[in-house]
Asks: 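Sharing a structure below in structure tokens format, with a few things to ask.
In this text the structure is predicted, and so the values were computed from the model without any measurement. The sequence lines fix the lettering, A, B, ..., with proteins before strands; numbering per chain opens at 1.
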There are 2 protein chains.
Amino acid sequence: MNIKDVARLSGVSISTISRVINNSAYVSPEIKERVEKVLTETGYRPNSLAKELLRNKTDTIGVMLPRIDLSTFAQTIDGISSTLTESGYNILLANTRDSQEEELRYLTLFYEKRVDGILYFATDINERHLQALSKLRIPVVIVGQSGSYLNCPAVRLDNFGAARAMVNYLVSIGHRRIGFIGVSDHDHDIGTLRREGYLAALRDNGIPADPELMWIGDFEYPSGERGARRLMELPGERPTAVFCVTDRLSISTSGWLNRNGYRVPEDVSVACIDDPGLLSFCHPSVTTMSFDYMAAGSLAAKMIIEYIEGRVPEPSEILLPYTIQIRDSTKPLEGAII
Amino acid sequence: MNIKDVARLSGVSISTISRVINNSAYVSPEIKERVEKVLTETGYRPNSLAKELLRNKTDTIGVMLPRIDLSTFAQTIDGISSTLTESGYNILLANTRDSQEEELRYLTLFYEKRVDGILYFATDINERHLQALSKLRIPVVIVGQSGSYLNCPAVRLDNFGAARAMVNYLVSIGHRRIGFIGVSDHDHDIGTLRREGYLAALRDNGIPADPELMWIGDFEYPSGERGARRLMELPGERPTAVFCVTDRLSISTSGWLNRNGYRVPEDVSVACIDDPGLLSFCHPSVTTMSFDYMAAGSLAAKMIIEYIEGRVPEPSEILLPYTIQIRDSTKPLEGAII
DNA sequence: CTGTTAGCGCATTCAG
DNA sequence: CTGAATGCGCTAACAG
């Protein structure tokens, strides 16, 4: 069933059908009615491919992200999809499973499919991305990292500031021996910036960084357990607080501590960054830095739409703030002079 | 930059370009080399829209789901995307936020965009869906619910069996007064079937169902807290175990109990269904029924591909089994005769 | 072995 | 106010 069939059934030309469907010009009432009858009877719906080919616009945004099973990403997508839907855009999803090859492949695919714009959840940006993106000539907005290297607008989170502020908070309630459970630099904002925030806070307070107190793992739960065990089995004075760079790591860190004779927060305080609902409701609830990921997604969506419509997004980089959520997993250090 | 430009730059016809790109016929080595040079220099990539229009195939699957921020859905999508990618398919994502209007709107959109197939995460299927889908003439596979009403193949989870087996387990370790924290029937498999599994298990053991012990809320964390409070503040003998229909609800139930003077599992056992990594690592770790959502996604993807390729999926309905994960949140009832 | 041509389904000139 | 014709970019059938 195509526009030709509808035209034949209605006894008019295809132009008239097009005019009725798109309401793009006056059509005499009788003909209009006749056409509309055929339209509803047949349930005809125009083929978007043809339209898109002609208009050179697909109303589709390519969304590329390294993993979909992290609540932070899921929430961001929620924000993105809600805003894009409102504006009549659709999402072509690329779940790259952290593979750079996949990223580059999908970039090509996005181009071939002529998406109107790309939202790129970047982790580790390098020369190859720069090259690939520059050839693309498609509006790109970076999510979760700076866009300056790629010369793209970006929506970022103040990861450095959040980490620094959280560790400063731990120090402010008396902790000085603070363990760190992080992830590799492969993810720049979470791996590098959150670690640097931790180190900056130590410097802020004149506390020497102790490499022994820093554990670098991955994003999965077991990594938090391994880190916690490592920190607690260290010879010498054990940490009185542990700062984890993600919510997942704090859950498994806190879980391991509680299961292994260290009460949280009485013996060890635990804090982290990112605030899925979970952290308020588990036991003990977890002190964390909260980012509004839904809002980040919405903003990114708005930016890419602006960009597509020819306006260069202003400001070209949005930095989202953190808010501290003090809960039950942290407490002032016993006997410390605050 | 289109195929014509490339043809001009190479000094050959567009057919030759097409042949080189698709390797669809023999081209003399000299010409081939010349064309390939232009291809790499210009970075030309064919326009998929034109190809898709011609071939009447988009290599795109519409994936429709009610919410993306549940780990079960995220995991399922992970399985879907990995299998679809392997087979050269892409995902057009429709996040409907539980709105039936949105569902129907997206169904039309999927049709207009000529997706090759649809994966439909159904919750509440009714007459309108039946009508809409029957007009569509696009292969559809239902995920997470029976497809018989819509006459579609489906990948399901044995929700009834899982709930029944879990409650039977609780009874087997001595519990007889077992609270229930569920969700509304709006979600058939989770709302209705998991509740019926609970009731069936009670019948299995000759325990009369007590409506007072059953709380129906929603999917969010606060609902578990409200349910827990309600069950514990009931006059009369309090439950010794609580069965929650989802992992989220069990987290907030367990959290509320622990924060309000009921030790889990010493005073109250807590169990649920669904097994995100979280439940193994929190404290106490949570006894649950595990479904392999990644596998469910993979299977659904394989089914839709089969269907698209003209083979009717066999069997037309796959029921995925559960496996029990006994962890720290449940323990035999003190003093019970088992 | 390579070029010319038709047409996928539609929106949009341009005539009438 | 309506119809005929053009072309978006590409593949495939057909000539040469």
Asks: Does the side chain of A:Asn2 pick up a donor-acceptor pair with the side chain of A:Asn47 at under 3.5 Å?
Replies: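 Result is no, nothing qualifies.
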Asks: Let me know the distance between CZ of A:Arg34 and P of D:dC1, rounded to the nearest Å.
Replies: 16 Å
Asks: Among side-chain atoms of A:Lys32 and A:Thr16, is any donor-acceptor pair under 3.5 angstrom?
Replies: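 No, no side-chain donor-acceptor pair sits under 3.5 Å.
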Asks: On the 0 to 90° scale, with breaks at 30° and 60°, tag the B:Tyr106-B:Phe110 ring pair as parallel, tilted or perpendicular.
Replies: tilted
Asks: Which nucleotide sits closest to the side chain of A:Leu53: C:dT2, D:dC1, C:dG9?
Replies: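 For A:Leu53, the side-chain atoms sit closest to C:dG9.
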Asks: For the CD atom on B:Glu33, are there more than 12 heavy atoms of other groups (residues, nucleotides or ligands in this structure) within a distance under 6.0 Å?
Replies: no
Asks: Output the rounded distance in Å from CD (A:Glu52) to C1' (D:dC10).
Replies: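 My rounded result for the distance is 15 Å.
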Asks: Rounded to whole angstroms, how far apart are CG on A:Leu49 and C1' on C:dG7?
Replies: 15 Å
Asks: Round to the nearest Å and state the distance from B:Arg8 atom CZ to C:dT2 atom C1'.
Replies: 19 Å
Asks: Rounded to whole Å, please give me the gap between CD in B:Glu30 and C1' in C:dT2.
Replies: 12 Å
Asks: CG of B:Asp5 versus C1' of D:dG7: gap in Å, rounded?
Replies: 15 Å
Asks: To the nearest Å, give me how far apart CG (A:Asp59) and P (C:dC10) are.
Replies: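 A:Asp59 atom CG is separated from C:dC10 atom P by 16 Å.
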Asks: Is A:Arg156 salt-bridged to A:Glu317, cutoff N-O under 4.0 Å?
Replies: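 Counted as a salt bridge, because a side-chain N and a carboxylate O are separated by less than 4.0 Å.
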Asks: Take A:Asn2 and B:Ser13, find for each the nucleotide of DNA chain C with the closest heavy atom, and name the residue whose nucleotide sits nearer the 5' end.
Replies: B:Ser13
Asks: Answer yes or no: does a side-chain N or O of A:Ser28 lie under 4.0 Å from OP1 or OP2 of D:dT2?
Replies: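 For D:dT2, OP1 or OP2 has a side-chain N or O of A:Ser28 closer than 4.0 Å.
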Asks: B:Lys113 has an atom NZ; how far is it from atom P of C:dG9, in whole Å?
Replies: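 Spelled out: NZ on B:Lys113 to P on C:dG9 is 18 Å.
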Asks: Do any N or O atoms of the protein come closer than 3.5 Å to N or O atoms of nucleotides 11-15 of chain D, and which pairs are they?
Replies:
unit_1	atom_1	unit_2	atom_2	d
D:dT11	OP1	B:Asn22	ND2	3.1
D:dT11	OP2	B:Ser18	OG	3.0

Asks: Is B:Met303 close to B:Leu119 at the side-chain level, that is, under 4.5 Å between some pair of heavy atoms?
Replies: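 No. Closest side-chain heavy atoms not under 4.5 Å.
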Asks: Measure from the side-chain N and O atoms of B:Arg55 to the backbone N and O of B:Glu52, and report whether any donor-acceptor pair falls under 3.5 Å.
Replies: no
